[in-house]
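These notes concern the structure reproduced below.
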Protein chains: 2
Amino acid sequence: MNLTVAEENYVKAIYKLQEGDQAVTTNALAYELDTKPASVTDMAKKLKEKKLIDYEKYQGITLTPEGRKTALQIVRRHRLWECFLVDKLSFSWEEVHELAEELEHVRSEKLINRLSDFLGNPVIDPHGDPIPDAHGRMAKPRPQTPLDQANAKRLVVTAVSDQSTALLAFLNAKGIKLGTQLEIVAHYEFDNSIEIKMKHLPSLTISEQVAKNIMVRPL
Amino acid sequence: MNLTVAEENYVKAIYKLQEGDQAVTTNALAYELDTKPASVTDMAKKLKEKKLIDYEKYQGITLTPEGRKTALQIVRRHRLWECFLVDKLSFSWEEVHELAEELEHVRSEKLINRLSDFLGNPVIDPHGDPIPDAHGRMAKPRPQTPLDQANAKRLVVTAVSDQSTALLAFLNAKGIKLGTQLEIVAHYEFDNSIEIKMKHLPSLTISEQVAKNIMVRPL
DNA sequence: AATTAAATTTAGACAAAGCTAAATAATAAA
DNA sequence: TTTATTATTTAGCTTTGTCTAAATTTAATT
Ligand SMILES: [Mn+2]
Ligand SMILES: [Mn+2]
Ligand SMILES: [Mn+2]
Ligand SMILES: [Mn+2]
């Protein structure tokens, strides 16, 4: 099926919001895509027509199996381009999302498979997110939790769930990246901030907001 | 100025057709872009509004200096992506044009300059066409002529002027590529076909059509 | 110079993707 | 269970880029 760029962006956004299998709401999708609910309703009708989503008035949106397959292809392209930009062109992780948002729409199986080979068939992208293979399968991520809910003391950073430039730039400034090892020094109940310690660095206190978006697993 | 993909394709096509400085006709542009003359007229009005072209009814189209600058940026992106695809992803020269046609529309100075560095700042693309630098300057190509007009006997292939898959595939089949050295054995007046000889290979006769599109210079 | 042919433009329509404002449905509060 | 609030949809309009058919201009031929 031949999708427009807009349709691809919708399908990917629905995939992202559809954690598990609960329906995605019109408003949530509008917010995610920085558009208006009325526009989402319009597009929902088109995507239903193309059998990429299940949609009934007022009932929210879910991807069909076909839609999910499509979404995974787009996610694959997005994440592989991110890897390319970071690994080969030396971009930093907060710069690549925007560019990948455009590169992901160049549709060519051959291109993307060769790109994957060229990169050594990576399985996670620069933000720690898994990359679907050519068949849409991804390594199920090793168990990870947001830093604010971690119970172990010694942890390693495995991903960032919010990928805004603002958060990533903050983490850069503090020297936190994928693979960074850290120790929880204290929880402060007042604002749920967390004090952490990385090797060779003075300890540092981060807000709950930040902690929620750093994914970790026990070391 | 922020151009749409369609506008970029028009500007690039006008640049391509505007050999020297003669105006590009509506019909020629429509044919080049595989669209209809009426659509070209519509777009001409928009591009004039954006000061990218000079255009008066019935008088044809020429790029303004601003338009030429824009065109050179697009050409730069196109040709650098072609280099990437051939040099890094092992595509062959007849496969890359289509893909570059899409990749060229990802607008990022930083991306394209890093890509250029990554590729070693190449100055010609896989078809022998010069690549504009970041300032829009290109090495003026060494003098070259179409094979059908060459007077020297021993020649080297420097570029292909028609880049259709059909021609490139034909050249592949015959073992002709950039840098190939050949000798003219005979001209046949009947159909202007040309017999050529490459080292270690039996001689071979090519049509005028083909010869017109192989650019060569004396060895 | 008049006529024919070719090139170009205009008029009117359509599909895609978006918007605002108004209407309707679903949910939450009183 | 009414009432108020929030979520969603509908209606109508806009922009971009395309098309066909008709009109007009320019160029080429008698
Ligand atoms: Mn995108
Ligand atoms: Mn990512
Ligand atoms: Mn293009
Ligand atoms: Mn080329």
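This structure is a prediction, so every number in the text was calculated from the model and none was measured. Throughout, a chain's letter reflects where its sequence line sits, starting with A, and its residues are numbered from 1.
Less than 4.0 Å separates DNA chain C from at least one heavy atom of each of the following residues of residues 40-56 of chain B: B:Thr41, B:Lys45, B:Tyr55.
Going from atom CD of A:Glu7 over to atom P of C:dA16 covers 8 Å, rounded to whole Å. In this structure, CG of A:Leu3 is placed 12 Å from P of C:dA16, rounded to the nearest angstrom.
If you take CD on B:Glu82 and CG on B:Asp87, they are separated by 11.0 Å, rounding to the nearest 0.5 Å.
B:Asn9 and B:His105 form a side-chain donor-acceptor contact under 3.5 Å, judged by distance and modelled atom types alone. Inspection of the B:Asp54 and B:Thr64 side chains reveals no N or O donor paired with an N or O acceptor under 3.5 Å. Using modelled atom types and a 3.5 Å distance limit, the side chains of A:Asn27 and A:Thr25 yield no donor-acceptor pair.
Nucleotides of DNA chain D with any atom under 4.0 Å from a heavy atom of chain A span, from 5' to 3', D:dA7 to D:dT10.
B:Asp125 pairs in a side chain to side chain contact (heavy atoms under 4.5 Å, CB included) with only one of the listed residues (B:Val86, B:Leu178, B:Leu80, B:Ile131), which is B:Ile131. When B:Arg79, B:Lys12, B:Arg77 are each tested for a salt bridge (Lys or Arg N to Asp or Glu O under 4.0 Å) with B:Glu104, only one passes: B:Lys12.
Each of A:Thr35 and B:Gly60 was assigned the nucleotide of DNA chain C with the nearest heavy atom; the assignment lying further toward the 5' end belongs to B:Gly60.
B:Ser39 comes within 4.0 angstrom of a base, heavy atoms only.
Counting only heavy atoms from C-beta on, B:Ala38 has its side chain closest to C:dT9 among C:dA16, C:dT20, C:dT9.
Ring geometry for A:Trp81 against B:Trp81 counts as perpendicular: the plane angle is over 60°, on a 0 to 90° scale with 30° as the lower cut.
The cationic group of B:Lys88 lies under 6.0 Å from the six-membered ring centre of B:Phe118 and within 45° of the ring axis, placing it in a cation-pi geometry.
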